[in-house]
Amino acid sequence: MTPRTALTIAGSDSGGGAGIQADLRTFFACGVHGLVSLTAVTVQNSLGVQGFTEIPAEVVTAQIKAVATDMGVGAAKTGMLATAEIIRAVAKTLDEVHIGQSTAVPFVVDPVAASMTGHALLREEALDAIRTELFPRATLVTPNLDEVRLLTGISVTDTASQRSAAEALLEFGSAWVLVKGGHMQDAGDCVDLLSDGREVIELSGPRYDTENTHGGGDTLASAITASLAKGADVPTAVADGKRFIERCVAESYPLGKGVGPVSPFWRLKD
């Protein structure tokens, strides 16, 4: 039987812990066939990003069209999109191949806009393109707290500000928003808040004592995308993704001299 397909539109991580590498191994572990549109080649390791080369926008969009028109896409996600030009080109192409909120194909936006240390990775024009071009097309957006701050100006420190951030993000036009609470270090549990403006769902999970969390955001978004590709609704898919990333963080491993990756290898043991 041919498995469902999921498309990642993202950059490559030479260290193998994040980016399309994390997306593809998550798709595999979750039982979907991964498709790729590469947006950038990064030079990075466990210590951080040392540089990157963006892929021309026309090549990014050609990859999307090639797989969408031949193999079909069950659900799609974005990761690192590098520039405003690429973001605008991707948005236009998604409309052409009928992927996004107004279609039958779910679209998850993981707005990769901040480094592990919270520093901005995108210029303001690219952040604005995420707000105006991607969010209105998104079924779900999955920012971490640093990205929430860059996108909305809201610093999330507690449940009240997390809800305020969700409301502000929904104004940009996505159907759902997941405000991830992993960076709220003072909280005992890791609480992610999912909202569509009417329903608010808090998903609580354990906070593990590990520094090896590289690729965690990519892995969560990919697991959610895989579940959507298999036909789950958004709350179910997010709950599936939450369970998956919890195990991946619990079994993360040290690699290199810096931050090691989260691990989907537990699926092999199970």
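Note that the numbering runs from 1 along the sequence shown for the chain. Not measured: the values here are computed from a predicted model.
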Lys/Arg-Asp/Glu bridge criterion (N-O < 4.0 Å) met for K92, D95: no

L255/H214 under side chain to side chain contact (heavy atoms under 4.5 Å, CB included): CA gap, chis, key distance, verdict: CA-CA 10 Å; L255 184 65; H214 186 50; over 6 Å; no

Separation of K77 NZ from D23 CG (nearest 0.5 Å): 3.5 Å

Joint cluster assignment, L24 & I245, ILVMFWY side-chain distance < 4.5 Å: no

Residue pair R163, E167: steps toward the salt bridge (charged side-chain N to carboxylate O under 4.0 Å, His left out) verdict: CA-CA 6 Å; R163 289 186 175 229; E167 293 170 2; over 6 Å; no

L145 CG to I154 CD1 distance, which is reported to the nearest 0.5 Å: 11.5 Å

Separation of K65 NZ from S37 OG (nearest 0.5 Å): 11.0 Å

Heavy-atom check, side chain of D218 versus side chain of V112, under 4.5 Å: yes

Exam field: side chain Q162 to backbone V191, donor-acceptor pair closer than 3.5 Å: yes

Distance in Å, R88 CZ paired with L134 CG, rounded so as to fall on 0.5 Å steps: 11.0 Å

Heavy-atom check, side chain of E171 versus side chain of F135, under 4.5 Å: no

Backbone N/O of D189 and side chain of R207: donor-acceptor pair under 3.5 Å: yes

Same apolar cluster: L170 and L178, side chain cutoff 4.5 Å: no

Pair I55-V41, side chain to side chain contact (heavy atoms under 4.5 Å, CB included): steps then yes or no: CA-CA 8 Å; I55 304 299; V41 177; 4.3 Å; yes

Within 6.0 angstrom of F172 CZ, more than 12 heavy atoms from elsewhere: yes

Contact summary for L203 and A239, nearest pair of heavy atoms: CD2-CA, 3.8 Å

Gap separating the CZ atom of R149 from the OG1 atom of T152, nearest 0.5 angstrom: 9.5 Å

Test log, rule side chain to side chain contact (heavy atoms under 4.5 Å, CB included), inputs T26 and F244: CA-CA 9 Å; T26 301; F244 186 83; 3.7 Å; yes

Side-chain donor/acceptor of Q101 to backbone N/O of P136, under 3.5 Å: yes

Which atom of A18 lies closest to which atom of G215, heavy atoms considered: CB-CA, 3.8 Å

NZ/NE/NH1/NH2 to OD/OE distance under 4.0 Å, E124 and R131: yes

Side chain to side chain contact (heavy atoms under 4.5 Å, CB included) between T5 and H33, intermediate numbers included: CA-CA 5 Å; T5 61; H33 178 88; 4.3 Å; yes

S12 versus Q21, side-chain donor and acceptor atoms under 3.5 Å: yes

Side chains of V234 and D196 in contact at under 4.5 Å (non-hydrogen atoms): no

T142 backbone acceptor or donor facing K180 side chain under 3.5 Å: yes

Side-chain (E246) to main-chain (R243) donor-acceptor, under 3.5 angstrom: no

Partner of I64 by side-chain contact (heavy atoms from CB on, under 4.5 Å), out of V73, V97, V36, T69: V97

For G258 against N212, the heavy-atom pair lying closest together: O-OD1, 4.3 Å

Hydrophobic cluster identity match, L127 and I87, side-chain contacts under 4.5 Å: yes

Donor-acceptor under 3.5 Å (E147 side chain, A113 main chain): yes

Cluster link V105 to V238, ILVMFWY, side chain under 4.5 Å: no

Heavy atoms of other groups near E96 CD, more than 12 under 6.0 Å: yes

I20 versus A10, closest heavy-atom pair with distance: CG2-O, 3.5 Å

Sidechain-backbone polar pair: S195 side chain, V177 backbone, donor-acceptor under 3.5 Å: no

P106 to L228 - nearest heavy-atom pair and separation: CB-CD1, 3.9 Å

Donor-acceptor under 3.5 Å (S161 side chain, T157 main chain): yes

Between CD1 on residue I86 and OG1 on residue T61, distance to nearest 0.5 Å: 10.0 Å

Geometric class of the F265/Y253 ring pair [parallel <30°, tilted 30-60°, perpendicular >60°]: parallel

Exam field: side chain S174 to backbone L140, donor-acceptor pair closer than 3.5 Å: no

Same apolar cluster (I L V M F W Y, side chains within < 4.5 Å links), V249/L220: yes

Heavy-atom closest contact (T139 atom, A175 atom, distance): O-CB, 3.4 Å

Test item: R4 side-chain N/O and G74 main-chain N/O as donor-acceptor pair under 3.5 Å: no

